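Each ligand, and each atom within it, is numbered from 1 in the order the structure gives. Because the structure is predicted, anything quoted here is derived from the model rather than measured.
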Amino acid sequence: MTKKNHIHTTCVHAGELPKDRYKAAISPLYMSTAYDYEDLEKKRYPRYFNTPNQEAIGQKIAALENTDSALVFGSGMAAISAALLAFLQKGDHVVFQATLYGGTVHFIVKEFQRFGIEYSFVNGLQTSDFENALKPHTKIIYVETPSNPLLHLVDLAAIAQLAKKNGLLTLIDNTFATPINQNPIDLGIDVVLHSATKYMAGHSDLLAGALATSTSLMEVILSSAINYGGNLSEQSVWLLDRSLKTLALRVEKQNANALAIAQYLEKHPKVLAVHYPGLSSHPQHKLALRQMKGFGGMMSFELASAQFAQKFVKNLKIITPAMSLAGVESTVVSPLQTSHALLTDEQRAEQGIGPGLLRFSTGIEHIDDLIFDLEKSLALL
Ligand SMILES: *Cc1c(COP(=O)(O)O)cnc(C)c1O
């Protein structure tokens, strides 16, 4: 029996290229876009996702997600669109969770109609929401858990079971959880998607995407994805590989910091509510314990008004306002001013997004400094 490595070891060592003649400690970077073809079964070319570095990082990500194979893309949206378009054709129907990443919603609403693909958006807090939306021509159930910005969860094992019963494929955007905190394949989900721009890259300096699945489903995705050409450049593949070496280390620190901050904020009289799956007050905390190994670095909390939220953000010293998330630095964002700015007050209220809501992305700074920063800024409200 071969022993499976612990996740930290997988992060550092999975998908290593064979040692070169200099016996370097890390894999070399092959920048070449041209490779010999004579007497070689495999014809290598970057758009075919089969250069040495692309294959190596694919092995690492597949190992992290407990599946056979993985590909990296030029962005999260390139991975998401390639996966959906590989499986769907005219006349198909997809059931989507309503609280998806805004870019994914935009892709569906803007592009699907042209291809003759139908879709339904469902609340998704109950598995029956998905079941009730199924049609005879439904092909895919697509989820994102924990969701943005309210950290709602979807029961992955129940969704996988529902899909199997009906012969459907399941896709998940696992960006918020990361493979360190949640392995959807183990729960029966078919395809795992990531905006690697976020935790996988982790330093707010790289745009990338990834997907992981079984060998047989990967064949379907690959045959389409090479036509769309959404590959990641070799230099970025190499940088992403470097980032992945510290993924477990970073995410575990972010988990610990986030839990401490959520517990602190929950007790603060100026904070109306905290949304974090690690809190026992989270309505789906039991589900979180069942399907997550850690609760992640993302949370959101509510202050009394939009004015309070703005003032609070301005007075922070270490924590910075930023649109993106998942870097080693702690950041905060107002959905009202950014991702959900185009909605009306009523639409936001319907989604549970109050004017004083702030989404918080926990970094790896020392917890005492983060809480001191929050404390001082809350005191000024
Ligand atoms: C950022 C993000 C995406 C899109 O990824 P890009 O790398 O920006 O294309 C998709 N899903 C989630 C959950 C994200 O946070």
Side-chain angles (χ1 to χ4, degrees), residues 57 61 65 70-85 94 96-111 121 124 140 142-154 156 170-182 184 189 191-212 225 228-233 236-237 239-240 243-244 247 250-251 254 258 275 277 292 295-300 322-327 329 331-335 338-340 351 353 358-363:
I57 200 170
I61 294 169
E65 287 290 11
L71 302 180
V72 288
F73 289 82
S75 70
M77 284 314 302
I80 290 166
S81 56
L84 283 167
L85 294 176
V94 189
F96 289 102
Q97 181 184 330
T99 47
L100 298 179
Y101 173 72
T104 310
V105 173
H106 197 247
F107 167 62
I108 297 157
V109 172
K110 172 78 173 45
E111 310 292 340
F121 283 109
I140 287 176
Y142 183 109
V143 300
E144 184 176 316
T145 178
S147 74
N148 178 31
L150 292 174
L151 289 294
H152 290 159
L153 306 186
V154 170
L156 292 176
T170 43
L171 275 62
I172 181 178
D173 185 330
N174 204 31
T175 300
F176 269 33
T178 81
I180 308 304
N181 289 331
Q182 183 168 273
I189 300 294
V191 182
V192 179
L193 302 156
H194 283 280
S195 168
T197 312
K198 313 296 165 52
Y199 286 102
M200 282 188 165
H203 295 71
S204 307
D205 57 5
L206 189 58
L207 183 71
L211 63 81
Y228 296 122
N231 302 72
L232 188 62
S233 76
S236 296
V237 169
L239 260 180
L240 182 58
S243 285
L244 287 173
L247 180 67
R250 283 185 280 113
V251 168
Q254 283 160 324
H275 310 283
M292 301 181 80
F295 306 113
M298 299 303 303
M299 77 182 79
S300 58
M323 291 268 286
S324 196
L325 58 108
E329 65 286 335
T331 61
V332 66
V333 71
S334 155
T338 57
S339 53
H340 297 69
Q351 294 186 21
I353 296 167
L358 291 171
R359 190 192 69 192
F360 188 73
S361 171
T362 315

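Residue Glu144 has at least one heavy-atom neighbour below 4.0 Å for each of these atoms of ligand 1: 13 (C). If you number the atoms of ligand 1 from 1 as listed, the ones under 4.0 Å from a heavy atom of Asp173 come out as 10 (C), 11 (N), 12 (C), 13 (C). Near Ile80, meaning under 4.0 Å from any of its heavy atoms, are these atoms of ligand 1: 10 (C). Every atom of ligand 1 with a heavy atom of Ser75 under 4.0 Å away is listed here by number and element: 7 (O), 9 (O). Near Met77, with a cut-off below 4.0 Å to any heavy atom, the atoms of ligand 1 are 5 (O), 6 (P), 9 (O).
Residues Phe176 and Leu325 are in side-chain contact: their nearest non-hydrogen atoms beyond the backbone lie under 4.5 Å apart. Under the 4.5 Å side-chain criterion, counting only non-hydrogen atoms from C-beta, Gln182 is in contact with Thr145. For the pair Met200 and Thr178, the minimum side-chain heavy-atom distance is 4.5 Å or more.
Residue contacts with ligand 1: Phe176 is placed with no nitrogen or oxygen under 3.5 Å of a nitrogen or oxygen of the ligand (distance criterion only). At least one N or O atom of Lys198, backbone or side chain, sits closer than 3.5 Å to an N or O atom of ligand 1.
Scanning the protein for heavy atoms near atom 6 (P) of ligand 1, the closest one is Gly76 N, 3.4 Å. When hydrogens are left out, the protein atom nearest atom 8 (O) of ligand 1 is Tyr101 OH, 3.9 Å; that is the closest non-hydrogen contact. Considering only non-hydrogen protein atoms, atom 5 (O) of ligand 1 sits nearest to Ser195 OG, 2.9 Å.
With a 4.0 Å cut-off on non-hydrogen atoms, Leu207 touches ligand 1 through its side chain and not its backbone. Contacts with ligand 1 closer than 4.0 Å are made by no heavy atom of Asn148, backbone or side chain.
No donor-acceptor pair closer than 3.5 Å links the side chain of Glu144 to the backbone N or O of Asp173.
Between Thr175 atom OG1 and Leu193 atom CG the span is 7.5 Å, to the nearest 0.5 Å. The CE atom of Met298 lies 5.0 Å from the OH atom of Tyr199; values are rounded to the nearest 0.5 Å.
Summarising the local packing, NE2 of His203 is surrounded by more than 12 heavy atoms from other residues, nucleotides or ligands at distances under 6.0 Å.
Ligand 1 lies within reach of Ala208, whose nearest heavy atom is under 4.0 Å from it.
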